[in-house]
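So that the names make sense, note that chain A is the first sequence line, chain B the second, and so on, each numbered from 1.
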Protein chains: 2
Amino acid sequence: MQDPRINDKREDILDIAERLFAEQGFEAVSVREISREAEINIAMISYYFGSKEKLYEEIIKRKLISYKELKQGVNAFDTELEKLMFVAATVTQAFFKNRNFQKIIFREMSLNQRTHMADYLIEHMHQNFQFITDIVKRGIRKKEFKPVEVELTVMSLFAIIRMYTTSGTMICKITNKNSVEDVYDEKQRLRLIKFLRDLFTAHLLPQ
Amino acid sequence: MQDPRINDKREDILDIAERLFAEQGFEAVSVREISREAEINIAMISYYFGSKEKLYEEIIKRKLISYKELKQGVNAFDTELEKLMFVAATVTQAFFKNRNFQKIIFREMSLNQRTHMADYLIEHMHQNFQFITDIVKRGIRKKEFKPVEVELTVMSLFAIIRMYTTSGTMICKITNKNSVEDVYDEKQRLRLIKFLRDLFTAHLLPQ
DNA sequence: GTCTATATATGGATAGAC
DNA sequence: GTCTATCCATATATAGAC
């Protein structure tokens with residue numbers, strides 16, 4: 001741990017394994033493949049992380065967004081709509097940046113494998129969710145928002161960002177782009193955020 | 001094939017394997033487990049389906065919704081909004097009924113495994129998608145709808161239904177339900193459809 | 001059609017040399 | 001820290017008896 005190159009190497013392995021797990025799923029990736037791609041000896045996976053599963057857990061835990069980060073940013077805004085839009089933009093940015101990670105997370109939450117991991121993720125997601133429902137509920141109480149279905153509203157926000165983030169090949173085909181990378185450039189990110197603003201403004205604000 | 005009981009047995013195996021694949025993912029399920037759960041000899045999987053992968057392909061291909069079915073139902077409605085709402089209700093019903101199947105489909109589309117299968121699914125999804133974007137485009141042309149982002153609008157519709165369908169444990173926690181089954185009863189289905197109507201009416205119709 | 005037994009491959013993990 | 005060699009479990013698939 002004292003040698004920074006060791007931490008770099010650890011991070012390398014985590015990055016490479018993250019990509020492989022996102023592309024193929026946990027079971028389909030062998031530690032042999034990870035070690036080959038990372039150009040390390042196969043025994044080093046156990047040496048660094050203990051096991052394939054512990055490596056996987058470390059990948060999952062290192063990038064989870066804390067609702068505390070959201071909480072701080074939100075304070076800069078006055079209206080509940082602007083708070084919600086800040087959250088939408090922050091989540092979109094984080095999801096765009098960590099697409100492989102998000103693929104892993106959402107796949108893991110839909111599986112009954114490694115239930116301690118799924119439970120952990122659901123609890124984490126639930127906290128972020130609660131934080132956002134509170135914004136919407138406050139908006140309704142203050143009559144800034146219409147009396148919408150709060151849970152379905154917040155779920156929709158996540159659903160849209162998530163589907164856009166994890167369905168690159170599909171979006172690519174639908175929008176006639178040449179490369180999946182084009183789906184996730186700055187322009188498209190701003191386009192998605194603008195769309196979310198329009199959609200949720202129409203949904204939430206009284207006319 | 002002449003004996004109906006043989007087709008019943010085949011369907012039994014397909015149903016049981018579908019559930020296991022949905023819960024655990026393709027690689028994590030062994031043919032041993034399928035044969036145990038279906039109470040058949042392990043060799044019968046190869047005998048009936050040829051291989052584990054061919055069994056999987058049969059599970060995937062047997063329940064895909066054809067856009068032709070949507071096409072017929074849609075003709076009964078006059079406005080583009082009602083056509084779109086009919087599609088939303090039909091898709092919701094189909095997804096609620098075949099939740100395990102949908103889990104498999106969406107997981108498969110996000111994986112780079114079995115690319116011929118993913119390509120096939122993306123092509124299929126793309127056709128259904130095209131059919132729905134046409135409805136929205138027509139609505140915009142006829143000035144029934146505002147000039148919204150068509151692709152993102154249709155993607156959002158799928159995203160919401162999909163997330164609701166495949167995130168039972170999460171929804172269960174958020175809505176304080178006791179059992180995952182309660183999330184998918186008739187009442188909740190109608191609630192989701194009403195929500196979609198409200199959301200997309202506000203989004204699409206000029207005020 | 002059904003079963004047992006087995007061929008064959010590949011997986012994760014580690015002991016022990018360096 | 002790094003590597004080779006190997007252990008051992010488990011996987012799919014099938015040959016061949018019934």
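Between the CD atom of B:Gln24 and the P atom of D:dT10 there is a distance of 15 Å, given to the nearest Å. Atom C1' of nucleotide D:dA11 and atom CG of B:Leu20 are separated by 16 Å, given to the nearest angstrom. If you measure from atom CG of B:Leu55 to atom P of D:dA11, you get 16 Å, rounded to the nearest angstrom. Whole-Å rounding puts the B:Arg36 CZ to C:dC3 P distance at 16 Å. Rounded to whole angstrom, the span from the OH atom of A:Tyr47 across to the P atom of D:dT2 amounts to 7 Å. Straight-line distance from the CG atom of B:Asp8 to the P atom of C:dG1: 13 Å, rounded to whole Å. The distance between atom CD of A:Glu27 and atom C1' of C:dG12, rounded to the nearest whole Å, is 13 Å.
Side-chain polar atoms of B:Gln188 and B:Arg191 form a donor-acceptor pair below 3.5 angstrom.
Residues B:Arg107 and A:Glu108 are not paired through a salt bridge, judged by the lack of any N-O separation under 4.0 Å between the basic side chain and the carboxylate. With respect to A:Lys103 and A:Glu23, no salt bridge is recorded, no charged nitrogen being found less than 4.0 Å from a carboxylate O. For the pair A:Arg36 and A:Glu33, the salt-bridge criterion is not met [side-chain N within less than 4.0 Å of a carboxylate O].
Every residue meeting the salt bridge (charged side-chain N to carboxylate O under 4.0 Å, His left out) condition with B:Lys63, not counting sequence neighbours, appears here in chain and number order: B:Glu18.
For the pair B:Tyr48 and C:dT2, the criterion of a side-chain N or O lying under 4.0 Å from OP1 or OP2 is met.
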Polar pairs (N or O, both sides) under 3.5 Å between protein and nucleotides 13-18 of chain C?
{"from": "C:dA13", "atom 1": "OP2", "to": "A:Lys52", "atom 2": "N", "distance (Å)": "2.9"}

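Using a 4.5 Å cut-off on side-chain heavy atoms (C-beta onward), A:Val148 and B:Phe195 make no contact.
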